[in-house]
Amino acid sequence: MIDLVQLRREPDVVKAALARRGVATDVMDAVIAMDVAHRELLQDAERLRAEVKFLSRLVGEARRDKDTDTATELTEKSRVLGDEERVATEAMERVGAALRNELLMIPNLPAPDVPEGLDENDNVEIRRWWPGMEEGAPFPTFAEHQKVPHWDIGLALGILDLEAGARIAGSMFPLYRGAGSRLVRSLSAFSLDRQSDAYEEIHPPTFALTATMMSTGHLPKSSDDMYGVERDGLWAIPTAEVPLTSMHAGEILDEARLPIRLTAETACFRRESGAAGRDTRGVLRVHEFDKVELFAYCTPEQSQEAFDDILARAESLLRDLGLTYRLLLLCTGDMGTSAARTIDLEVFSPGVDRWLEVSSVSWFGDYQARRAQVRYRTGEGTALVHTVNGSALGWARVWAALLETYRRADGSVALPGVLAPYMGAQNVITATTS
RNA sequence: GGAGGGAUGACAGAGCGGCCGAAUGUACCGGUCUUGAAAACCGGCGUGGGCUUGCCCACCGUGGGUUCAAAUCCCACUCCCUCCGCCA
């Protein structure tokens, strides 16, 4: 949620920033008008309330003094005012609720350095990395045996069974088997182990309440992208960001505790409604995938460092896996609702000949913390924390990129050495390994 | 799933219709005393909102209701504890 106080103080700044994301100025003017109306009604209601409280105290005193006449008279007066107060409060709450609903739909202000743009085509590539780059090696060219899509490799090696997945849960629910399954598990273990020096490992619930989904900004705006269990008022989490952001909801943290760094591996569920065709073959786009998330609650001063650290950790995983990747600074049109700045990591996968998004590192400022009410004690008073998070990494596409990158001429796949401690003898996958 | 008990400030814990935003203790912060520390003593010590910055309003698990007046009474829900049942 954006800062209403800031909107009052510098409406032009807020309007200009949001205009970059396509929020019309008259929408903001309407919000400002609602805010003004709300405060006026609030004053009316509170004034009446104060009078009722005052009269009630007098009634109590008159009763104590056995002055029944005065008590009766004051009671009647207070009752009339009470009726007025009820009406005034109702009017105030109606406008207040409308204002809140409006605010929940307004996205975060983009950071000044976020490029303007409509969609993913306007994202700005920051840099690329590939194995051997530092030693002067050119951008990799890929051999013919690497230009086989992972769904064919997976089928041939018996480690990916999309048909069985579809039989169980419908299309876009992949089923990994044998060494393929172990690879998913290995990647999570590999990443979690790498974060354990600075990030507390969390295993949160996979479902979250509607209120929890509101905090991160996934609701009310993106309910169509989410799986809901209506009967229980629960939603399947689309990312561990959801439970981690609400882990300290409603709390006032000690400044000395910040930054609080958390990591979690969870299943992530996404409807991906509207997605179909070439984007969705194999495991390029799936309804359920595993992901390790890095997360930090921090002070505004710490947020840049927290962001850089998460980005660096995500990158270091890709380097150690020997995958070619690039960084994109997302434009205003491609950023998520709650983000102020996002950098995506995309892996190049030769079999499908495409860049695949495997991580999204975002700084949210206090936007999520305002919704989740996560604060910290400063020298004088309290302030909202900043939240930062990023994937390290989403495994479905990394899984695909690994198979395609490391496929050998004989059809087997020799995974990078960093995975050997986790994969054991299956670090080289052949048709008979699984 | 059944029966019972509970939810109050950082924590413990009183209050069970009328200056109660809330006693008291602990913790914490400041001061006195002390070479220093401890002890003792004195003072302070929740969050949010509004505006005329001094005041007003809200918050005692959540949401409704009763009343001139609700932490206190009534209803529903949530969570926690104990026992029984079921179950990885």
Subject >> A:Ser362/A:Arg341 under side chain to side chain donor-acceptor pair (under 3.5 Å): CA gap, chis, key distance, verdict >> reply: CA-CA 6 Å; A:Ser362 299; A:Arg341 181 192 296 111; over 6 Å; no
**OP:** Sticking with atom P, work out how far B:C11 lies from B:U66, rounded to a whole angstrom.
**Re:** 34 Å
Original post:
For A:Arg47, which contact category applies under a 4.0 Å heavy-atom criterion: base, sugar-phosphate, or nothing?
Top reply: nothing
**OP:** Provide the distance between the two C1' atoms, one in B:C60 and one in B:A23, to the nearest whole Å.
**Re:** 14 Å
**OP:** Could you check A:Gly82 against A:Gly381 and say which one's nearest nucleotide on RNA chain B is further toward the 5' end?
**Re:** A:Gly381
Subject >> Test of ring centre spacing under 6.0 Å for A:Tyr297 and A:His248 >> reply: yes
Subject >> Inter-nucleotide P distance (B:C41, B:A27), Å rounded >> reply: 12 Å
Original post:
When we call it a touch if two heavy atoms are under 4.0 Å apart, what does A:Leu55 touch: a base, just sugar-phosphate, or nothing?
Top reply: nothing
Original post:
P atom, B:C77 versus B:A69: distance in rounded Å?
Top reply: 27 Å
**OP:** Pick the P atom in B:U82 and in B:C28, then give their distance to the nearest Å.
**Re:** 31 Å
Original post:
On a plain distance test, is the side chain of A:Arg39 in donor-acceptor contact with the base of B:G49 below 3.5 Å?
Top reply: no
**OP:** Once you apply the 3.5 Å cut-off to both distances, tell me the Watson-Crick or G-U wobble partner of B:U82, or none.
**Re:** B:A3
Original post:
With respect to the side chain of A:Glu46, which nucleotide from B:G18, B:C51, B:C57 is positioned closest?
Top reply: B:C57
Original post:
B:G48 phosphate, OP1 or OP2: any side-chain N/O from A:Thr382 under 4.0 angstrom?
Top reply: yes
**OP:** If B:A40 has a Watson-Crick or G-U wobble mate with both distances under 3.5 Å, name it; if not, just say none.
**Re:** B:U32
Original post:
Closest to the A:Arg8 side chain: B:G18, B:C57, B:G50?
Top reply: B:G50
Original post:
Which residue, A:Arg64 or A:Glu76, contacts RNA chain B at a nucleotide closer to its 5' end, judged by nearest heavy atom?
Top reply: A:Arg64
**OP:** Identify which nucleotide among B:G50, B:G18, B:G46 has an atom closest to any side-chain atom of A:Gln43, counting heavy atoms from C-beta outward.
**Re:** B:G50
Subject >> Nearest-Å distance once atom C1' is located in both B:G5 and B:G9 >> reply: 24 Å
**OP:** Under a 3.5 Å limit for both distances, which nucleotide forms a Watson-Crick or G-U wobble pair with B:A12, could you say?
**Re:** B:U24
Original post:
Expressed in angstrom and rounded to an integer, what is the separation of A:Asp65 atom CG from B:G18 atom P?
Top reply: 16 Å
Subject >> P spacing across the pair B:A71 / B:C59, given as an integer number of angstrom >> reply: 7 Å
**OP:** Can you establish whether the number of heavy atoms outside A:Arg47 located under 6.0 Å from its atom CZ is more than 12?
**Re:** yes
Original post:
With both distances kept under 3.5 Å, what pairs with B:U53, Watson-Crick or G-U wobble?
Top reply: none
**OP:** Rounded off to whole Å, could you give me the CZ-to-C1' distance for the A:Arg377 and B:A27 pair?
**Re:** 13 Å
**OP:** Have a look at A:Thr75 and say if it touches a base, only the backbone sugar-phosphate, or nothing, with a 4.0 Å heavy-atom cut-off.
**Re:** base
**OP:** Report yes if a donor N or O on one partner sits less than 3.5 Å from an acceptor N or O on the other, where the partners are the side chain of A:Glu61 and the base of B:G18; otherwise report no.
**Re:** no
Original post:
Distance check: side-chain N/O of A:Arg79 vs OP1/OP2 of B:A69, anything under 4.0 Å?
Top reply: no
Original post:
Across all strands, who's sitting opposite B:C73 as a Watson-Crick or G-U wobble pair, both distances under 3.5 Å?
Top reply: B:G65
Original post:
Ignoring hydrogens and geometry, is there a side-chain-to-backbone donor-acceptor pair from A:Ser191 to A:Ser188 under 3.5 Å?
Top reply: no
Original post:
What does B:A58 pair with, Watson-Crick or G-U, if both distances are under 3.5 Å?
Top reply: B:U47
Original post:
Which base sits across from B:A88 as a Watson-Crick or G-U pair, both distances under 3.5 Å?
Top reply: none
Subject >> Length of the line joining A:Gln373:CD and B:G48:C1', which is rounded to integer Å >> reply: 8 Å
**OP:** For A:Asp35 and B:C51, give me the distance from atom CG to atom P, rounded to whole Å.
**Re:** 8 Å
Subject >> Residue A:Val52, side-chain heavy atoms: nucleotide from B:G46, B:A58, B:A69 that is nearest >> reply: B:A69
Subject >> Nearest-angstrom distance, C1' atom, B:U24 to B:A76 >> reply: 34 Å
**OP:** Quickly, which of A:Arg270, A:Glu288, A:Arg271 forms a side chain to side chain contact (heavy atoms under 4.5 Å, CB included) with A:Tyr227? Name it, please.
**Re:** A:Arg271
**OP:** Verify the contact: side-chain N or O of A:Lys53 to OP1 or OP2 of B:A58, cut-off strictly under 4.0 Å; return yes or no.
**Re:** yes
**OP:** For the side chain of A:Leu42, starting at C-beta, report the closest nucleotide among B:G49, B:C57, B:C68.
**Re:** B:G49
